[in-house]
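Note sheet for the following structure.
Worth knowing before you read on, the calculation uses all heavy atoms, side chains too, and leaves out hydrogens, waters and symmetry mates. If you read the sequence from its start, that first residue is 1, and numbering goes on from there.
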Amino acid sequence: DTRTLELEKIRLKTRRDATIKAISKLEKEKSKLFNTAVGASPLMIKVHAHEIKRLSLEVEQQYNFFMRYTKMSVAITNLLLLKKYEKELRQSNLWTKLVHMDSDALIDVMGKINLVGRNFEGIVDVVNDTLESGMDECRTGEEDDSVQQIVDAITSVQKGVLPIDEAQKAISFDKTLEDREG
């Protein structure tokens, strides 16, 4: 039901936010250890290196949690959109497919696609295409490309290759609309 989905979405956002804080804290610890190790003896350098490695593994684990929460959040958002069109969907074969799916498989599929900003026909097309092509072939490339584009823009600014205002324009929603229309 919609209320349960909304509550789950809030719970996931809280967990994601806590995970981001944990990652930030761990990264600061790593940075501090690294700076301490720079002027240390060879033995202490090795001690700090092992501690940095341990913290890196914790960061990786937290990042995996973050990705899981993000995927679940996308799935919940998509399920809320399906609930919005429930009356119309009940009249289609798609509703029968969705209702008879295993809940874990449904969450998996809904976490791999993006229905936000689509009209009813667009939602039906994307979900049908995904279900017909199989869950392993879900169209996640466009989401992965957009994340990589953001990472590339940030990295370019950090390296001094691109001014921050140009990088922000490159990842703006206006640019996304231009790319879709052009």
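Within the 4.5 Å cutoff, side-chain heavy atoms of Met101 are placed close to those of Val109. Within the 4.5 Å cutoff, the side chain of Lys71 has heavy atoms near those of the Asp108 side chain. Residues Val126 and Asn114 are not in side-chain contact: their nearest non-hydrogen atoms beyond the backbone lie 4.5 Å or more apart. With contacts defined as side-chain heavy-atom distances shorter than 4.5 Å, the pair Lys97/Asn128 qualifies. Contact check for Thr19 versus Ile23: side-chain heavy atoms found under the 4.5 Å cut-off. Counting only heavy atoms from C-beta outward, the side chains of Leu89 and Val124 approach each other to under 4.5 Å. Annotation: side chain of Leu7 is in contact with side chain of Arg3 (closest heavy-atom distance under 4.5 Å). Contact annotation: the side chain of Lys13 never approaches that of Ser73 to less than 4.5 Å [non-hydrogen atoms, C-beta and beyond].
Rounded to the nearest 0.5 angstrom, Lys28 NZ and Leu33 CG are separated by 14.5 Å. The CG atom of Leu55 sits 11.5 Å away from atom OG of Ser31, with the distance rounded to the nearest 0.5 Å. The distance from the CG atom of Leu82 to the OG1 atom of Thr77 is 11.0 Å, given to the nearest 0.5 Å. Between Ile52 atom CD1 and Leu57 atom CG the span is 12.5 Å, to the nearest 0.5 Å. In this structure, the separation between CG on Leu12 and CG on Leu5 is 10.5 Å, given to the nearest 0.5 Å. Atom CD1 of residue Ile76 and atom OG1 of residue Thr4 lie 9.5 Å apart, to the nearest 0.5 angstrom.
Between Ile45 and Ala37, the closest heavy-atom pair is CG1-O, 3.4 Å. The minimum heavy-atom distance between Met110 and Val74, with the atom names listed, is O-CG1, 3.7 Å. Of all heavy-atom pairs spanning Leu162 and Glu166, the tightest one is CD1-OE1, 3.6 Å.
Residues satisfying the salt bridge (Lys or Arg N to Asp or Glu O under 4.0 Å) criterion with Lys9, sequence neighbours excluded, are absent altogether. By the side-chain hydrogen bond (donor to acceptor under 3.5 Å, both in side chains) test, Glu29 pairs with no residue at all, sequence neighbours left out. With sequence neighbours left out, Glu88 forms a side-chain hydrogen bond (donor to acceptor under 3.5 Å, both in side chains) with no residue at all. Checked against side-chain hydrogen bond (donor to acceptor under 3.5 Å, both in side chains), Glu86 has the following partners two or more places apart in sequence or in another chain: Lys83, Arg90. Applying the side-chain hydrogen bond (donor to acceptor under 3.5 Å, both in side chains) criterion to Gln158, with sequence neighbours excluded, gives no partner residue.
With hydrophobic clusters built from ILVMFWY side chains whose heavy atoms lie under 4.5 angstrom apart, Leu79 shares a cluster with Val116. Val99 and Val127 end up in the same hydrophobic cluster when Ile, Leu, Val, Met, Phe, Trp and Tyr side chains are linked at under 4.5 Å.
Using modelled atom types, no side-chain atom of Asn78 and backbone atom of Gly111 make a donor-acceptor pair closer than 3.5 Å.
Other residues, nucleotides and ligands contribute at most 12 non-hydrogen atoms within 6.0 Å of the NZ atom of Lys46. The environment of Asp1 atom CG is dense: over 12 non-hydrogen atoms of other residues, nucleotides or ligands sit within 6.0 angstrom.
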* Asked: Step by step, would you call Asp17 with Lys21 a salt bridge (Lys or Arg N to Asp or Glu O under 4.0 Å)?
  -> CA-CA 6 Å; Asp17 291 348; Lys21 286 180 184 176; over 6 Å; no
Next on the checklist: Checking Met72 against Ile107 for the side chain to side chain contact (heavy atoms under 4.5 Å, CB included) test, could you report, in this order, the C-alpha distance in whole Å, the side-chain angles of both residues, the deciding distance, and whether it holds?
Outcome noted: CA-CA 7 Å; Met72 289 295 295; Ile107 294 291; 3.5 Å; yes
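For residues 39-90, the pairs satisfying ring pair (Phe, Tyr, Trp, His ring centres under 6.0 Å) are Tyr85-Phe120, with sequence neighbours left out.
By the 4.0 Å N-to-carboxylate-O rule, Asp125 lies too far from Arg118 to be salt-bridged with it.
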